[in-house]
Structures are given as structure tokens and as C-alpha cells.
Amino acid sequence: MIRKILGVFKNLRMRQRMLLVYAIGCFLPLILVSIYMFNSERRSLANIQTENENRKLEEKKEEIESTMDHAIELSERLYFEPQSQKIGVTGIGSDSDILVDYRGFDVLAEYVGGYYKNISSICIYVNKGTVDRVDNRNFRLITDTIREKNWYKKTMANDGLPSWSYLTDLGTGRRSIRLTKILYTKQRNMAGIISISIDPSLTNDLVSELDGYAVMMLNGEEIVHSNFNISEDEAKAVFEASEDKNKDFSFRGSKCFISGVSISPRYSQDHYDIINIRSYDDIDDAVMGNARRMVLPIFIAIIVMAIAITLLNSWFSRRIRALGRAMHSVTEKKYEEIKSTGIGDAKDEIWDLYNDMNKMVTDMQQLSDAAAAERLQKEQLYSREKEVEFKMLATQINPHFLYNTLENIRMLAAINKEKEIEDISVRLTRLLRSSLEVGNELKTLAWEMDKVDCYLGIQDYRFGDRITSSISFDKEAAEKYLIMPFVVQPFVENAYVHAMEEMEEGGRIDITAEISDAMYLVIADNGHGMTDEELENILTDMNDFENLDRTHIGVVNVNQRIKLRFGEEYGVRISSKYGEGTKVEIRMPLIEA
């Protein structure tokens, strides 16, 4: 399956591949980021809700603890009131005296009415006396029913320490938290039990106003307030979850988180816990509300992104196709169509590739033109060589007849003791035989110099002392290196015919061969030389292949034969100054025999 998917992706067109990459690189991350942001916002909103509720609960906690501290302070003040020492103690005075004490004990009303805020009521429970005949709502008789109450048992068990519980108003059904404490006489006799109730709105309203499920519990067992119907088992489960710091748990089929505070009064082991339970469904509703508000901007962003990607992809694909058409024109050698491919003028990587391709095409055209010119030059040179050879063959007579004639001349000269004629015949025979028998194969430098020496010897008989000559070369090295045959004689012949033939005396030709990085053959004469115009014409003719019928055909032939065989860096160089002479330098590569 993976191979098939990779195969399909591999064979996609560039446009399709770019769209797929854009989709994977843009839209998929956007979806993943949206999911991540949704979850992050969900958790963040839950944390914010928890922090806000905890802050609100902490503020209320301080107020409740402050009120509870006032209740404790009030219980201590009442403990030391002189009149409270007589409450509930029999045998002191008559019933009328006790009645006066009870009715005159107006301190409780003063405390509730003005001194202590959020104290809703104060009641003193007594064991004995005539309180049952006194019309005073601040006093109650301890009956057997009261002795069975849990709060009474806890108060008695605390032995004078504060005990906290809750009180239910039978008329309204509202509950308020209260403090109960034993009042003792100086003789450690029980005078009664003081009960101080805190305003129920302080705690009840707090629980009612909290969002979600809220409950206030006493010692994790008894429900004081709640804003919903909750069973004792549910209350215990909620309390345990809050004790274990388990912020996420399931409650009534929903995943919820818990926030809350614990209120611990002074001098008591009792404590109240206010616990708030929020369902993540509420958070999700809030998040979804925010998400719905964000849908339009995200949708617009996706549309704008898709349009931008489509336009960019279309523009890029169009330029890629234009580059492809240009390359196809190159392969078809339709170079003139490259300029009209529609590549555009954007200076990017495609533009660089297009310019590089144009440069490559230009170079290819130049190389093609150069190759064609070189091929034409070689064909012309080859044709010229054939024509020269044909002309040479056309002027040849039967070589055997010529050799026999020269041999007869030599024999007659020998018989008549004509040494000069005999020497001329021998030299001429060697020259003719070499010129007629040599082909395109290379000859040693010694062979070439021998033929030049034969030619110079013949010319010496003609010009005598008017023109002298010399040959200088390393005879041992001359046997080791090969050169192209008959490259020196045409220039020596030109020196005799064109430079010094009319000289009466003092003519000089020097021929040298130097072997270094290449083979250098130099022919220098002190003839009348050439003007700049004449020299320019000869140099131009040396590289002109078109006209074969020239006066200096031998010079041109030698130069072009060398270049054709060994390359453009080799050939003939001529320098001349009118009235002083001419110098010819022939350069060829070193080739060992």
C-alpha cells in the first residue's frame, strides 16, 4: 500500500504535487492547530473558571472565618459575664429574683443588635431554674430531646471547647452554621450551653450563587447547604475526590473538575468544606461558542490562502511549462523560438535556468559554427593538397627516364672529369627521387636537412660567391626527432628567387634547427625584404583556403599542412623589414622517431 501511494505521488505532475504539498503543509497544520487550540482553550478556560471560583471562595472564606472568630470572641465574653454565672443555678434567691436576672440579662440582645455583624441569634440552654416560666427567646431549657441531638453530645464531649454544627430554621428551612460551648461557673459547675448562630445568608447565598454543582459540608459527612439535590453517598464521593486533589472525575455521567475551600475555626477540630463541581460540558459549550465566532475569520483565511496558493501554483506551473517549451525548442534545434516561450521577466531560479540555457545555446551555436568552419577548412585544405599533388604529378615526366638521363649526364661528367656537373647531377637526382617518393609520413630532421643541403649545393653552382649559405643543427638529435617533410625548401627557394636573385654580392642564407620545448626551424636571409603591405598580403594568404593559384603557394601549403596536422598553435611565422631581410620561423611539436 505504501509503495502504491509513493508510486502515485512520484508520477504526479508538478502542479498536482505542489497542490498536495500545499494542502499537507498548510491546511493540515491549520486543522491540527485548531484542534490543539480548542483543547488548550478548553483547559485554559477550565483553569480560569477554577481560579475565579477559588478566588471568590477565598474571599468568602475570609469573611466567614472572620465572623466565626467573632462568634468565638462573643462566647468568651459571655463566659465571663457576672450575670451569666447565675444562669440556671438553683437555690439562689426566690423565683422573682431569678426572673429579674433573666429579664434583666439584655446583653445578648445588645450583642446581636449592634456589636457583632453577621451574628443572627444567641441562645443559652440551661438545665434547671424557672426559665421555663420566663418569656425570653434567648433562653431554652435542656430537654431530653435536646440531649439526644448530635450537636449536644459533641458540645458536652468537647468539655468547654467550641463545637461547630448547623441549625435549621423550621419556618424557612434555611440552615446556618453555629457555635456551641459549655458555660461554667467559677466552681466548674455547668451553668448552661451557649449557642451562637451565624447569618444563614453568608453561607447559603454563596453556595446558591456558585455555577455548577455546589455543596457545603460539615466534617465531610453532613450536608449544610447545596444548590441541588444531592444524596449523602454522592456528597461523600465528592468530598473524597476533593480530598484526593482529583480535579477531574465523573459525576452524574459527565466529566467534571472540582474547586473548593476548607474553613477551619480556631480551637476546634470541626471544619466546613465548600466544594464546587463544574462539568466540562459547560466549558465545551463556552469554547464552542468562541469557536463559532472564530469560524468566519478562519474560513476567510482558508479561502484567501487557497486563492493565493492556486494563483501562485498556476503562475509557477505556467513558467515551468514555458521553460519546458524552451528546452524542447533546443532539442529540436529551433533556436529562434526560445525567445517567444513566455518565460516572463521574474528574476527567480527559473529565470536563472532560462538564462543559463540561453548561454548554453549560444555557446553551442558558436561551437557548431566553429566546428563547421574547421570542417570546411580541413576539407578545403585537403582539396588544395590534392590539387597541388595533381599539379605536381601533371608536371612530372616519367621518373625512370629522368633518372636514367641524369645518370647518363653524371657518367659523361665523370668520364670527362667534370666534377661540378657530376655533383649537380647527384644532388638533383637525390632531390627528385625524394620529392617523387615521399608521401604523408613524417621524416627525421636529418633527412630534411640533407635535402636542403642538396638544394643549397645546386644553388651554389648557380650563384657562386654572390650568395652564400649555412646549415646549423645537432646531427645526433636530428636522427631522433621527426618532422613534416619538405617544409624548409619552399622558404629557401623563395629567398633565392624573390629576395636575393638580383643581388650582385653579399647575399646570405642561414638555416638553423633548435630543439627545446618544440621543434623550431629558422630560415633567415639578408635580401631586400618586404614592405609592410607585401608582408600583410603573405600573412593573409597563409590562412586563406579559397584561392589556390598564388605566387606563394608553397608557403601557404606548408603553413596549412602543419596547422591541419598538429593544431593551431603550430605553423609558420614570417617577419621582414624592407631593405634588411626576411626571417621565417617554423614551429612543430617534438615527435620522437
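The figures here come from the full heavy-atom set of this structure, side chains too, leaving out hydrogens, waters and symmetry mates.
- Asp69 pairs by the salt bridge (Lys or Arg N to Asp or Glu O under 4.0 Å) definition with Arg266, not counting sequence neighbours.
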**Report entry** Asn118 vs His70, side chain to side chain contact (heavy atoms under 4.5 Å, CB included): CA-CA, chis, key distance, verdict
**Finding:** CA-CA 9 Å; Asn118 295 329; His70 291 166; over 6 Å; no

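- The distance from the OG1 atom of Thr203 to the CE atom of Met216 is 5.0 Å, given to the nearest 0.5 Å.
- In this structure, CD1 in Ile182 is found 5.5 Å from CD1 in Ile193, a value given to the nearest 0.5 Å.
- Side-chain N or O atoms of Ser75 include one that pairs as donor or acceptor with a backbone N or O of Ile72 at under 3.5 Å.
- Inter-residue side-chain proximity for Arg252 and Glu234 is flagged as met; some heavy-atom pair is nearer than 4.5 Å.
- Taking CG of Leu179 as the reference point, atom OG of Ser268 lies at 8.0 Å (rounded to 0.5 Å).
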Requested in this report: Start with the C-alpha distance between Asp233 and Lys236, add both sets of side-chain angles, then the distance that settles salt bridge (Lys or Arg N to Asp or Glu O under 4.0 Å), and finish with yes or no.
Outcome: CA-CA 5 Å; Asp233 293 337; Lys236 290 181 180 180; 5.3 Å; no

Query raised in the report: So Glu76 and Tyr267, side chain to side chain contact (heavy atoms under 4.5 Å, CB included) or not? Walk me through it.
Result: CA-CA 12 Å; Glu76 292 175 348; Tyr267 313 127; 3.9 Å; yes

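- In terms of modelled atom types and a separation under 3.5 Å, the side chain of Asp169 and the main chain of Gly171 share a donor-acceptor contact.
- When side chains are defined from C-beta on, Ser165 does not count as touching Asn150, because their heavy atoms never get closer than 4.5 Å.
- The aromatic rings of Tyr272 and Trp164 sit perpendicular to each other, their planes meeting at more than 60°, with 30° as the lower class boundary.
- Residue Ser262 comes nearest to Glu65 through the heavy atom pair O-OE2, 4.5 Å, listed as atom of the first residue, atom of the second, then distance.
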Requested in this report: Starting from the C-alpha separation in whole Å, work towards a yes-or-no answer on salt bridge (Lys or Arg N to Asp or Glu O under 4.0 Å) for Glu63 and Lys60.
Outcome: CA-CA 5 Å; Glu63 185 178 1; Lys60 285 295 183 179; 3.7 Å; yes

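- Salt bridge present: Arg174 and Asp205 bring a charged side-chain N and a carboxylate O closer than 4.0 Å.
- Among residues two or more places apart in sequence or in another chain, the ring-ring contact (aromatic ring centres under 6.0 Å, His included) test is passed with Phe228 by Tyr213.
- Between the CD1 atom of Ile196 and the OG atom of Ser176 there is a distance of 12.0 Å, given to the nearest 0.5 Å.
- By the salt bridge (Lys or Arg N to Asp or Glu O under 4.0 Å) test, Glu62 is found to be paired with no residue, residues two or more places apart in sequence or in another chain being considered.
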Query raised in the report: How far apart are the C-alpha atoms of Lys153 and Glu148, what are their side-chain angles, what is the distance that settles it, and do they pass the side chain to side chain contact (heavy atoms under 4.5 Å, CB included) test?
Result: CA-CA 7 Å; Lys153 295 178 181 179; Glu148 296 299 323; 4.0 Å; yes

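- Closest of all the heavy-atom pairs between Pro265 and Met68 is CG-CE, 2.8 Å.
- Here CG of Asp159 is found 11.0 Å from CE of Met190. Values are rounded to the nearest 0.5 Å.
- With hydrogens and angles ignored, the 3.5 Å screen pairs a side-chain donor or acceptor of Arg587 with a backbone N or O of Glu569.
- Counting heavy atoms from C-beta outward, Ile194 and Thr180 have side chains that stay 4.5 Å or more apart.
- Contact of the Met588 side chain with the Phe566 side chain is registered, since non-hydrogen atoms from C-beta on lie closer than 4.5 Å.
- For Ser120 (side chain) and Ser197 (main-chain N/O), a donor-acceptor pair under 3.5 Å exists by modelled atom type.
- In this structure, Tyr125 and Ser195 have side chains that are in contact, with non-hydrogen atoms separated by less than 4.5 Å.
- Scanning both residues, Thr168 and Gly173, for their nearest heavy atoms gives CG2-O, 4.1 Å.
- The two residues Arg140 and Cys123 come nearest to each other via the heavy atoms CG-SG, 3.3 Å.
- Val126 is not listed as a side-chain neighbour of Ile142, based on a closest heavy-atom distance of 4.5 Å or more.
- A donor-acceptor pair under 3.5 Å is formed between the side chain of Lys563 and the backbone N or O of Glu568.
- Counting only distance, with no hydrogens or angles, the side chain of Lys154 and the backbone of Ser163 share no donor-acceptor pair below 3.5 Å.
- Residues Asn276 and Gly212 share a closest heavy-atom pair of OD1-C, 4.2 Å.
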Query raised in the report: Where do Leu210 and Leu57 land on the side chain to side chain contact (heavy atoms under 4.5 Å, CB included) test, with the steps shown first?
Result: CA-CA 9 Å; Leu210 289 175; Leu57 291 174; 3.9 Å; yes

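- Atom CD1 of Ile198 is separated from atom CZ of Arg175 by 16.0 Å, given to the nearest 0.5 angstrom.
- With a 4.5 Å cut-off on side-chain heavy atoms, Asp199 and Ile119 do not count as touching.
- Of all non-hydrogen atoms in Ile223 and Ser231, the two that sit nearest each other are CD1-O, 4.1 Å.
- Although no hydrogens or angles enter the test, the distance criterion places no donor-acceptor pair under 3.5 Å between the side chain of Ser254 and the main chain of Cys256.
- Side-chain atoms of Asp273 and Leu218, non-hydrogen and from C-beta on, never get closer than 4.5 Å to each other.
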